[in-house]
Protein chains: 2
Amino acid sequence: MNQQSSTPAGEDTVREQVVRTADRLYYEQGILSVGMDSVRDAAGVSLKRLYSLFASKDELVVAVLRLRQQMLRQGLEAHRDLATDPRERVLSVFDFLDRWFGEPGFRGCGFINAFGELGSRSDDVASVVRETKVDFRTYVEGLVREAGGSDAVALQVVLLAEGAQTTAAITGTPSLIASSARAAAATLLDADLAATA
Amino acid sequence: MNQQSSTPAGEDTVREQVVRTADRLYYEQGILSVGMDSVRDAAGVSLKRLYSLFASKDELVVAVLRLRQQMLRQGLEAHRDLATDPRERVLSVFDFLDRWFGEPGFRGCGFINAFGELGSRSDDVASVVRETKVDFRTYVEGLVREAGGSDAVALQVVLLAEGAQTTAAITGTPSLIASSARAAAATLLDADLAATA
DNA sequence: GACGACCGAGAACGAGCGTTCTCGCTACGG
DNA sequence: CCGTAGCGAGAACGCTCGTTCTCGGTCGTC
């Protein structure tokens, strides 16, 4: 009990801690394989407290996905901000993916996994996943526009990124996948710029 | 009882009928949401018979995925054989996808869905999915080679196809996705041919 | 110092489901 | 005509897991 708790800030911290713990377990083992008991044990809170923070497992899952969405966004933006050239800023998406794929414990896109596990059972989960994918597409469209590209090529870049994630997850040998997708995106972007010029 | 049964051929037919029925239910509702009872009801066989044909649900799932792999292959080849130009034969992959995405009840790639649901629980299922994806990649590499393209561009075509499936499944609005991926593949293939020429 | 509200730990409950068991019928062989 | 093997229908069992309940202790308050 190293938490003073009982302050509103303490509550927020506990909630965040639970979400982070659940995210890790869910991503490692799959959402359906991780029961509330496991979350309780790993997060060190009681079931009662768990259910006072989240009315149901569904709500916890949604909170986890929202956190993950936020972290995804931050990772993308961090890599984007390393580049100044608009073309490079588009391609930074694949640098981010490359780095991610190489991390130990990479198990594919958490949103796609969640959709596969729960998409047909929970409308809330399906909505959050869809929302995230729309966000990602909008993000890429922004970068591509700044590079002078069309929304059509932005969609193609999105398809490459999604395909890279799926393929990296399933084959388990993601070494060349992100760089291959990056090269494809560069070719498509350059062709689009040449065509609309 | 319109089956004379007791002949080996009859057994095969029953088995096939069960696999087909399970495939439909699994694809529509997700594998985890369909119990053996539902398969029994829909296929019109007893549980005993079900378990005499398949030792476990896992075995049934693997059989379903193998059937689906076969049907996928046949669909791809049917579209491929409509074209004679090697470049068009590569792009026929996306004509197949376009047609598939437009079908009522399209719910994404059954293998990716199965992997999301069971990949972390059943090694057999994970293996079959991986195997299918490797097969697909090999198939595309064959087509691309005949068009004079490299394996590198073949991988890029695969990434586009995978990304199209994922995106079409999650957004639920697959109208422009396959044609967009097709155009991207054409651009990449042409660029590769020009580069290696 | 006593009382009451709160909270953690874990038991308990109920539903879903994979798998097996039981029972009764049917059909075939002697 | 009888016995028996096989099979279909569905009950039953055991496990998992989401959710709720119970019990005991603790801490703040009068």
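Bear in mind the structure is a predicted one, so any value in this text is a computation, not a measurement. In the text below, chain A, chain B and the rest are named by the order of the sequence lines, each starting its count at 1.
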Item to complete: Kindly say whether A:Val34 contributes a backbone atom to a donor-acceptor pair with the side chain of A:Ser38 at under 3.5 angstrom?
Response: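 Judged by distance alone, no pair lies under 3.5 Å.
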
Between [atom2] on [N] and [atom1] on [X], what's the gap in Å once rounded to a whole number?
X	N	atom1	atom2	answer
B:Arg49	C:dT19	CZ	P	19 Å
B:Leu53	D:dC7	CG	P	11 Å
A:Leu118	D:dG18	CG	C1'	13 Å
A:Lys48	C:dC6	NZ	C1'	7 Å
B:Leu50	D:dC7	CG	P	14 Å

Sequence neighbours excluded, which residues qualify as side chain to side chain contact (heavy atoms under 4.5 Å, CB included) partners of [X]?
X	value
A:Glu88	A:Ala83, A:Asp85, A:Leu91, A:Arg182
B:Gln17	B:Thr21
A:Asp41	none
A:Asp98	A:Ala178

Item to complete: For B:Tyr27, enumerate each residue passing the ring pair (Phe, Tyr, Trp, His ring centres under 6.0 Å) test, keeping only those at least two apart in sequence or located in another chain.
Response: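 Ring pair (Phe, Tyr, Trp, His ring centres under 6.0 Å) check on B:Tyr27 returns nothing, list empty.
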
Worksheet item: Using a cut-off of 4.0 Å between protein heavy atoms and nucleotide atoms, how would you tag nucleotides 11-18 of chain C 5' to 3' with B, S and -?
Response: B-----SS

Fill in: Contact list for residues 151-164 of chain A, test salt bridge (Lys or Arg N to Asp or Glu O under 4.0 Å), sequence neighbours left out
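Found A:Lys133-A:Glu162, A:Arg145-A:Asp151.
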
Item to complete: Sequence neighbours left out, what pairs pass salt bridge (Lys or Arg N to Asp or Glu O under 4.0 Å) with at least one residue falling in residues 103-122 of chain A?
Response: none

Fill in: Degree of bending, the helix from C:dG1-D:dC30 to C:dG30-D:dC1 (end axes from five pairs; round to 10°)
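For the helix from C:dG1-D:dC30 to C:dG30-D:dC1, the axes at either end differ by 30°.
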
